[in-house]
Each structure stands twice: as C-alpha cells, then as structure tokens.
A.B. asks: 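Structure incoming, see below.
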Amino acid sequence: QVQLVQSGGGLVESGGSLRLSCTASGRTFNGNGMGWFRQAPGKEREFVATISWNGGLTYYANSVKGRFTISRDNAKNTLYLQMNSLKPGDTAVYYCAAGSRIRVGTSSAIAEYDYWGQGTQVTVSS
C-alpha cells in the first residue's frame, strides 16, 4: 500500500516558523515531481510549492515566495516544506502530493498529482 505520511504543523504565532515533512512508503517517488498544497476553511485547495525529481527545479505560489522553501531527501524518501515568516493568511490544512506522471520538471496543477498525504493543520495566530 502506497502512503504519504505527513508530520509537523501545529499552532504558531505570526512571524514564526514551522517545518512540514512527508515520507513515502510502499514505493519510492525519487523519479517524480512532488508538491505541497493547502486548503483553508471554505476555500478550494490551492498550490503552494513544487519540486522536481532531483530537487533541481522548484516553483512557488506568489503568496509564499521568499518565505517558504521546498526540499527533498531522496535517500529518505522524504519531502519537506520549511515555512518562515508565517502569517495568519497561511492558516490551512497542508497536503503533500506526488505525481507518478511528473517525470521531468514540476507542476502546480492539482490534477497532475495522484498520491496525497493525510493533511496536517497549520494555524498562525495574530
């Protein structure tokens, strides 16, 4: 059974930092692009960041650019999202995702991702 298991998240004050992790089991995604998405209450799921199979390419939503950093450790089958200078507007459930069809480059399209983590709550207080 293929799983993406997330950890990290929680409650932090505005301006604080958090790191999310996402570890794959059941198969490796070392040859595939991966990404982070988030969904706030009453809103649709939105793209946050994506990374290519070897970490050589990254792409961010404008809202997080310069504050968030996506990275991966293929030896550990783990994806990370370092979130700095957090704002109340970053409050959401965050999801990691892997795209088995994303072989080259990255993608910000939800439809390109076919494996999803369970989601983790990030709450930023003002």
Side-chain angles (χ1 to χ4, degrees):
Q1 182 181 3
V2 179
Q3 286 188 309
L4 296 178
V5 179
Q6 298 180 220
S7 60
L11 174 64
V12 65
E13 292 185 348
S14 182
S17 298
L18 286 172
R19 189 176 83 155
L20 306 182
S21 300
C22 170
T23 300
S25 63
R27 65 160 284 177
T28 175
F29 292 102
N30 293 349
N32 303 113
M34 299 185 73
W36 290 96
F37 295 80
R38 67 187 182 185
Q39 188 165 16
K43 296 186 177 181
E44 294 185 351
R45 192 170 298 189
E46 66 175 8
F47 164 75
V48 174
T50 179
I51 189 167
S52 61
W53 69 277
N54 63 352
L57 293 174
T58 59
Y59 179 66
Y60 298 90
N62 288 335
S63 59
V64 307
K65 197 174 298 182
R67 300 188 297 122
F68 290 12
T69 302
I70 188 171
S71 62
R72 64 191 298 168
D73 185 339
N74 285 345
K76 297 181 179 180
N77 293 324
T78 300
L79 176 73
Y80 303 99
L81 185 68
Q82 177 66 43
M83 304 183 292
N84 298 329
S85 302
L86 282 160
K87 306 174 182 179
D90 295 317
T91 295
V93 176
Y94 283 70
Y95 297 90
C96 65
S100 62
R101 297 181 298 273
I102 306 173
R103 304 290 179 86
V104 178
T106 63
S107 177
S108 61
I110 291 176
E112 290 295 319
Y113 292 87
D114 45 0
Y115 294 92
W116 292 85
Q118 81 276 19
T120 186
Q121 179 70 45
V122 171
T123 303
V124 184
S125 62
S126 58

A.B. asks: Kindly work out whether a path of hydrophobic side-chain contacts (I/L/V/M/F/W/Y, heavy atoms less than 4.5 Å apart) joins V2 to M34.
C.D. replies: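 Cluster IDs for V2 and M34 match.
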A.B. asks: Among the clusters formed by ILVMFWY side chains lying less than 4.5 Å apart, do Y115 and Y113 turn up in the same one?
C.D. replies: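 Y115 does not cluster with Y113.
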A.B. asks: Taking the side chain as every heavy atom from C-beta outward, state whether V64 and R38 have any atom pair closer than 4.5 Å.
C.D. replies: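 They are in side-chain contact.
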A.B. asks: Given 3.5 Å as the limit, does a donor-acceptor pair link the side chain of W116 with the main chain of L4, or not?
C.D. replies: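 Such a contact is absent between W116 side chain and L4 backbone.
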A.B. asks: Between F68 and Y60, what is the shortest heavy-atom contact and its length?
C.D. replies: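 Here F68 and Y60 meet closest at O-CE2, 3.3 Å.
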A.B. asks: Using 0.5 Å steps for rounding, measure from the CG atom of N77 to the CZ atom of R72.
C.D. replies: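 Answer rounded to 0.5 Å: 9.0 Å.
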A.B. asks: Can you measure from CD (Q39) to CD (E44) and round to the nearest 0.5 angstrom?
C.D. replies: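 Here the interatomic distance stands at 8.0 Å.
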A.B. asks: Determine, using the 4.5 Å side-chain heavy-atom cutoff (strictly less than), whether L81 and L18 are members of one ILVMFWY cluster.
C.D. replies: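 Same hydrophobic cluster.
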A.B. asks: May I ask whether V122 and V93 are part of the same hydrophobic cluster, defined by side-chain heavy atoms of I, L, V, M, F, W, Y residues being less than 4.5 angstrom apart, directly or through others?
C.D. replies: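 No, separate clusters.
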A.B. asks: Between N54 and S52, do the side chains contain a donor N or O and an acceptor N or O under 3.5 Å apart?
C.D. replies: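 A donor-acceptor contact under 3.5 Å links the two side chains.
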A.B. asks: What's the spacing between K87 NZ and S85 OG if we round to 0.5 Å?
C.D. replies: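 One finds 8.0 Å between NZ of K87 and OG of S85.
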A.B. asks: Check for a donor-acceptor pair, side chain of E46 on one end and backbone N or O of A40 on the other, with a separation under 3.5 Å.
C.D. replies: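 No, E46 side chain to A40 backbone: no donor-acceptor pair under 3.5 Å.
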A.B. asks: Determine the minimum heavy-atom distance between N32 and T28, stating which atoms define it.
C.D. replies: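 That would be OD1-O, 4.4 Å.
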A.B. asks: Is it the case that more than 12 heavy atoms not belonging to Y59 sit under 6.0 Å from its OH atom?
C.D. replies: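 Atom OH in Y59 is not crowded, with 12 or fewer foreign heavy atoms closer than 6.0 Å.
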A.B. asks: Provide the closest heavy-atom pair for I102 versus S107 in the form atom of the first, atom of the second, distance.
C.D. replies: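 That would be CD1-CB, 3.8 Å.
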A.B. asks: For the residue pair R101 and A111, what are the closest heavy atoms and their distance?
C.D. replies: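 Shortest heavy-atom contact: NH2-O, 3.2 Å.
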A.B. asks: Which distance, rounded to the nearest 0.5 Å, do you find between the CD of E13 and the CG of L86?
C.D. replies: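 So the CD of E13 and the CG of L86 are separated by 11.5 Å.
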A.B. asks: Which distance, rounded to the nearest 0.5 Å, do you find between the OG of S21 and the CG of L79?
C.D. replies: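 These two atoms lie 8.5 Å from each other.
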A.B. asks: Please give me the minimum heavy-atom distance between I110 and R45, naming the atom from each residue.
C.D. replies: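 The pair with the smallest heavy-atom distance is CD1-O, 3.4 Å.
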A.B. asks: Could you pull out the closest heavy-atom pair between S14 and P88, with the gap in Å?
C.D. replies: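 Smallest interatomic distance, heavy atoms only, reads OG-CD, 3.8 Å.
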A.B. asks: Spell out, as yes or no, whether a donor-acceptor pair under 3.5 Å connects the side chain of T120 to the backbone of S7.
C.D. replies: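 It does not hold such a pair.
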A.B. asks: Could you pull out all residues at least two apart from K65 that satisfy side chain to side chain donor-acceptor pair (under 3.5 Å)?
C.D. replies: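 N62.
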A.B. asks: For Q121, give me all partners under side chain to side chain donor-acceptor pair (under 3.5 Å), at least two apart in sequence or on another chain.
C.D. replies: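 Residues passing side chain to side chain donor-acceptor pair (under 3.5 Å) with Q121: T123.
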A.B. asks: Verify, without hydrogens or angle tests, whether N74 (side chain) and W53 (backbone) share a donor-acceptor contact under 3.5 angstrom.
C.D. replies: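 At least one qualifying donor-acceptor pair exists.
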A.B. asks: Ignoring hydrogens and angles, tell me if any N or O in the side chain of Q6 forms a donor-acceptor pair with the backbone of C96 under 3.5 Å.
C.D. replies: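 Side chain of Q6 to backbone of C96, a donor-acceptor pair under 3.5 Å: yes, one is there.
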A.B. asks: Between D90 and R67, does a side chain to side chain contact (heavy atoms under 4.5 Å, CB included) hold up when you go through it step by step?
C.D. replies: CA-CA 11 Å; D90 295 317; R67 300 188 297 122; 2.8 Å; yes
A.B. asks: Examine L20 and I51 and state if one hydrophobic cluster contains both, with Ile, Leu, Val, Met, Phe, Trp and Tyr joined whenever side-chain heavy atoms are less than 4.5 Å apart.
C.D. replies: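 Per the 4.5 Å side-chain linkage, L20 and I51 are co-clustered.
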A.B. asks: May I ask you to decide if the ring planes of F47 and F37 are parallel, tilted or perpendicular, using 30° and 60° as cut-offs?
C.D. replies: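 The rings of F47 and F37 stand perpendicular, inter-plane angle above 60°.
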